[in-house]
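Notes follow once the structure below has been shown.
Convention: sequence-line order gives letters A, B, ...; per-chain numbering from 1.
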Amino acid sequence: MATVSFDDATRVYPGSEHPAVDKLNLEIGDGEFMVLVGPSGCGKSTSLRMLAGLEEVNAGGIHIGDRDVTHLPPKDRDIAMVFQNYALYPHMTVADNMGFALKIAGKPKAEIRKRVEDAAEILDLSEYLDRKPKALSGGQRQRVAMGRAIVRSPQVFLMDEPLSNLDAKLRVSTRTQIAALQSRLGVTTVYVTHDQVEAMTMGDRVAVMKDGVLQQVDTPLALYDSPENLFVAGFIGSPAMNLIDGKIADGGVQVGDYVVPVAREVLAKAEGENDLTIGIRPENFELSEGDGLGLDVAVLEELGADAYLYGTLAGLDEDAKITAQQIVARISSRRPPQRGTTVRIGVAPEHVHVFSKATGARLSETNLR
Amino acid sequence: MPRFLSSRPDARLIPLPWETPLEQWPVEYLVALPRGISRHVVRFIRVGDSVYAAKEVIEHLAVHEYRLLHDLHRLATPAVEPVGVVTERYDADGNRLDPVLVTKHLQFALPYRSLFTPGVRQDTVNRLLDAMVVLLALLHLVGFLWVDVSLSNILFRRVAGAFAAYLVDAETGELHEQLSAGQRAHDLSIARTNLFGEFSDLEAGGMLDESLDPGTLVDSIEARYAELWTELTGVEEFDGSEMHRIDSRVRRLNALGFDVAELDITTDFGGTSIRIQPKVGDAGHHSRRLLRLTGLDTEENQARRLLNDLDTYRARTDQQNADEAIVAHQWLTEVFEAVVKRIPSDLRGKLEPAEVFHEVLEFRWYQSEKLGLEIPLEEAADRYVAEVLTTKPDEALTNVEVMGPLQNPYDPSQGYVDEDDSVPYDPWEDGAAEVDERLATWFDIDELRKGKRGA
C-alpha cells in the first residue's frame, strides 16, 4: 500500500496549446478511495492514465509512496487496472481464472493458491474455487474479475469508469459492493467517473476537475457544504444548487423584490463588485408566510415525505418563463402548494452560498450546513 | 418499433425478431459457428445467403463501437465491417432491451479456437502470433489503442501459408492522434496476459497439444512486436558511404508488405552522417499491385505468392520487355483462371480461389520434386482437387467442432456441459432486485450525512 502524489503534473497533447491536465497537485492518502470527477474533457481520465503510465507527463512528477514513477513503464509501477478484463475462461476453474496472471509472472504455485484463497474469502467465493465460471451467478462472475486485480496485491488500484457498461440497477448495487470491498481491502484506489452521484457516494474524497484544472478536492460532504467556486457548486448535487444572480443591497443580495439575507462581512469581501451570484440548495428553502423569493410553481413532484417544487421567479410573463432560470425547492409534502400558484420561499442566512459573479470564487464562510 | 442506425442497411434484417432478447432467438435464424469468448450475448444470424454477427450491448457502447469500426474501415485497417445498430427494442411486456450491434461475418475466417485442434504444430501457433502482432502494429500506427487485446477479439484467415488477422471487437478501443510508448506497452502487456489466459483455457479444455506451453507461447510476443515496430518507425543513422541503406530500408518495408508514405532524410552539415526515419503508409503493398494489374483482391501474402508466379510466367514466356499490364492479363486468363475453373462448384466453399491457387502451386512443387520432373499445372490442379481439397473442411462457414457436448452450440464460449451447473445462492445479491433505480442518478444527502458510503 502507498500514497500517491501528483506534483504540478502536466500533460500537453502534441499539437495542442491547451494542457489536457494543467499543473495537477493532488495528495492521495494510504488506503484512501479518491474519485476524480468532472465533465468529459476535464482531464480526469488523462490524470489516471498519467498515473498508470499510459500518458506521458510533460512537466511535474508523480510519486507512488517514495518512488518517483514519472517516467517508469506501466508494468513497473505496481498498480492494477481493475475491470480491465471481464472475460472468464470457460474451461478453467474459478481459482485459475483468478490466479492465472500470477502464473505468468512466475509466482510459485503455493503462493498463488494462498493469494487466490485470501481474495476468495474477501469476495465470498471460497466454496466455488473449484467450479467453472458458468456455474456462478452474474454478480459472482463479476467478483471473479475483481479478484484478478486483488490477487496481484498492487500498491494502487485504478478504475476508469468501471460502471459505465452496466444498467441502472446493477450500477447502484455494484457501486455499493466496490465501496465496501475497497474499505475491507484498504488499498489506495483512484477511481474516475463523469457521474457526480457515483463520486459523492463512493469516494473518501473527491477531486473535481474542469478544463484540465483541479477545482477542489475534499470529502463529499465538504464539497457539498462549501463549494469553493461556482463550477463545483453547480456540478455537485442532485438536484443541483440554485445559482441566482443579484445585486448587492442593504443586508444582502437583491433578487426580484426580495433581499436574500447575507452577512455584512461577506458582502464586504465583494470589493467593489456590484453583481454577485448566490447559491441555495433545494433543501434549504422553506415555504414562508412572510418574506421570501416569489416563485411561480410550474411542477410539483412528490417523493415520500418530501416534495420538489419547480418554478420560475414570480412576476414573469408566459413567454419569459420558458427561457427563465428554473428554481428548485425541496419542501415537506404535508401541505404542498398547487401547480400554477405563487408561493414565497425563504432561506436562513447560514444557508446562502455567495460567489463573485466575475471570478466565480466563493465569498461566504465555509462550514455551512 | 426498433430503430436501425446504419449507413449501408440490409433490408432483410428488418423483419427479424428484435423484440426477443438475443439469447432466446429461435434457432431458425441462427448459425452455429465457432468463436471466441465474449462477456456479451453474441449470435451469428443468417438472412438469405448472408451471415451476420450480432452482439447485444448497452447503447453508448454499441454506438461507440459502430463508429469506431467505421473509422477503422476508413483508415484501411483489417477489421470487421459494421452493418448497423438496432436500438429502441422493447419486449412484449414493454421492457426495454439492449441494442444490438450488427457486423458482417468475415468469410473464410476462423476464430483461434477452431485452429487449435490437438496436433497443431508450434509453427502454426507462431504464424498465428505473428499475424496478431502485425495487426496490433497496424492498429497502433493509425493511433488505435485497443485495450482488450485478445485472440477472442480476432479472426484469422489462412493466406498463402500464413495467417491474416482481423479485429472483430473494438468495444474497449480508442482512436488517438498518436499513441504514446506507454499506451503501446500497455496494450502489449494486456495481450500477453490475455493470450496466456486463452492458451491456458485451451489447455484446461484439452484442446492444446501437450507439446505446447502457454507461458512459452506468449513469451515471444513483446520481442516480435518490438522488432516489427522498430522496422516500421525506427530511426537509422549511418555515414555517407552507406547510401544504399536508404534503398534497403524501403525494400525491407515493402517485403513486409508496407508502403513508405514519406522518408524523412536529414544530413549533417558536411553530409558525412545521414539519418532516416520512414513514415509507413498503408500495409498491402503487394495486394495493391496485384489488384492494379489483375483486378484480383487478395490478402498480402497471397498477392506476394501470385505476383511471384506472374513474374515467373513473364520470364518463361520471354516477355520481360512487354507491358506489365498486358502480360498480367494473359497470366490471369491462361494460368490463374485456368486453375480456378477446374474446382468443381460444390467444392468452392472450401477455400478462397486465391488460396486454392496458392495451394495448387505448392502441391505442384512438392509432387514435381518427388517425381523429379515438372508436372503440368492443369494436371497438378486436378490431382490437388481430388487428393487434397475434397478432404478439407468447409471454411466459408465452418461449423463448431467440439471436444464434448457444448453447453450451447450457438454460444461455444460457455464451454462444455458439466454435471453441476446449478447457480449457487449469492448473499451479495440479496436485495439486488429491490434496488431503487433512482439512486443511479440521484443521491440522498441525508443518508450521506449519516456516513453511509456507497448508499
Side-chain angles (χ1 to χ4, degrees), chain A residues 13-15 49 52-56 73-75 84-93 96-97 100-101 103-104 124 127-128 131-132 134-140 143 164-173 175-180 183 197 200-202 204 220-221 224 237-239 283, chain B residues 37-39 57-58 60-61 98 147-148 150 152 177-178 180-183 185-186 189-190 192-194 196-198 200-202 204-207 214-215 218 407 413-416 418 420-424 426-429 431-433 435-437 439-443 445 448-449 453-455:
Chain A
Y13 284 110
R49 286 157 181 229
L54 307 188
E55 291 284 358
E56 223 176 286
K75 62 177 168 46
Q84 189 155 254
N85 176 346
Y86 297 83
L88 298 186
Y89 301 112
H91 305 302
M92 281 156 58
T93 61
D96 286 342
N97 261 291
F100 79 95
K103 216 159 145 192
I104 192 181
D124 276 337
E127 46 186 311
Y128 310 120
R131 287 195 182 213
K132 301 283 166 63
K134 161 168 52 92
L136 292 183
S137 73
Q140 287 169 330
R143 299 211 294 281
S164 67
N165 59 350
L166 303 180
D167 67 30
K169 261 194 172 150
L170 210 50
R171 213 153 65 222
V172 176
S173 56
R175 188 168 93 191
T176 318
Q177 291 179 6
I178 294 177
S183 54
V197 176
M200 292 291 283
T201 52
M202 297 179 79
D204 289 326
L221 285 179
Y224 190 84
S238 62
E283 68 270 24
Chain B
I37 301 159
S38 174
R39 59 176 175 269
V57 60
I58 66 169
H60 75 98
L61 288 183
D98 279 336
V147 185
D148 198 9
S150 72
S152 288
E177 193 64 35
Q178 204 186 349
S180 68
Q183 285 169 325
H186 184 63
S189 87
I190 292 177
R192 196 175 132 87
T193 310
N194 282 354
F196 181 75
E198 288 169 323
S200 303
D201 187 51
L202 289 173
M207 284 177 277
V218 299
Q407 178 78 6
S413 76
Q414 289 180 15
Y416 306 139
D418 288 337
D420 184 16
D421 276 343
S422 57
V423 170
D426 181 9
W428 287 47
E429 280 163 77
V435 162
D436 185 353
E437 243 176 87
L439 290 175
T441 52
W442 173 78
F443 64 84
I445 184 66
L448 217 58
R449 287 198 198 283
R453 230 177 104 200

Side chain / backbone / both / neither for A/L221 at chain B, heavy atoms under 4.5 Å | side chain
Which residues share a salt bridge (charged side-chain N to carboxylate O under 4.0 Å, His left out) with B/D436, sequence neighbours left out = B/R438
Max heavy-atom pairs within cutoff under 4.5 Å with chain B, candidates A/A52, A/S137, A/P239, A/S173, goes to A/S137
So, the part of B/V218 with a heavy atom under 4.5 Å from chain A: the answer is side chain
With a 4.5 angstrom heavy-atom cut-off, could you sort out which part of A/Y128 is near chain B: side chain, backbone, both or neither?
-> side chain
Do the rings of A/Y224 and B/F443 sit parallel, tilted or perpendicular, given the 30° and 60° boundaries?
-> perpendicular
Please identify each residue that fulfils salt bridge (charged side-chain N to carboxylate O under 4.0 Å, His left out) with B/D426, with sequence neighbours left out.
-> A/R143
So which of B/T441, B/L61, B/I445 has the largest heavy-atom pair count under 4.5 angstrom toward chain A?
-> B/I445
Sub-3.5 Å donor-acceptor pair from the side chain of B/H60 to the main-chain atoms of A/S164, do we have one?
-> yes
Closest heavy-atom pair, A/D204 versus A/P220, reported as atoms and distance to 0.1 Å, is O-CD, 3.3 Å
Largest heavy-atom contact set with chain A, pairs under 4.5 Å, which of B/R192, B/Q183, B/E177 = B/Q183
Which heavy atom of A/K132 sits nearest a heavy atom of A/P90, and at what distance?
-> CD-O, 3.4 Å
Kindly check if the number of other-residue, nucleotide or ligand heavy atoms within 6.0 Å of NZ (A/K169) is above 12?
-> yes
Region of B/S189 that comes under 4.5 Å of a non-hydrogen atom in chain A | neither
What part of A/P73 lies closer than 4.5 angstrom to a heavy atom of chain B: side chain, backbone, both or neither?
-> neither
Which bit of A/E127 comes within less than 4.5 Å of chain B, counting heavy atoms only: side chain, backbone, both or neither?
-> neither
Shortest non-hydrogen contact from A/R171 toward B/A440 | NH2-CB, 3.7 Å
Mind ranking B/A185, B/A204, B/G215 by heavy-atom pairs under 4.5 Å with chain A and telling me who comes out on top?
-> B/A204
Leading residue by heavy atom contact count with chain A [cutoff under 4.5 Å; candidates B/D98, B/L202, B/D201] = B/D201
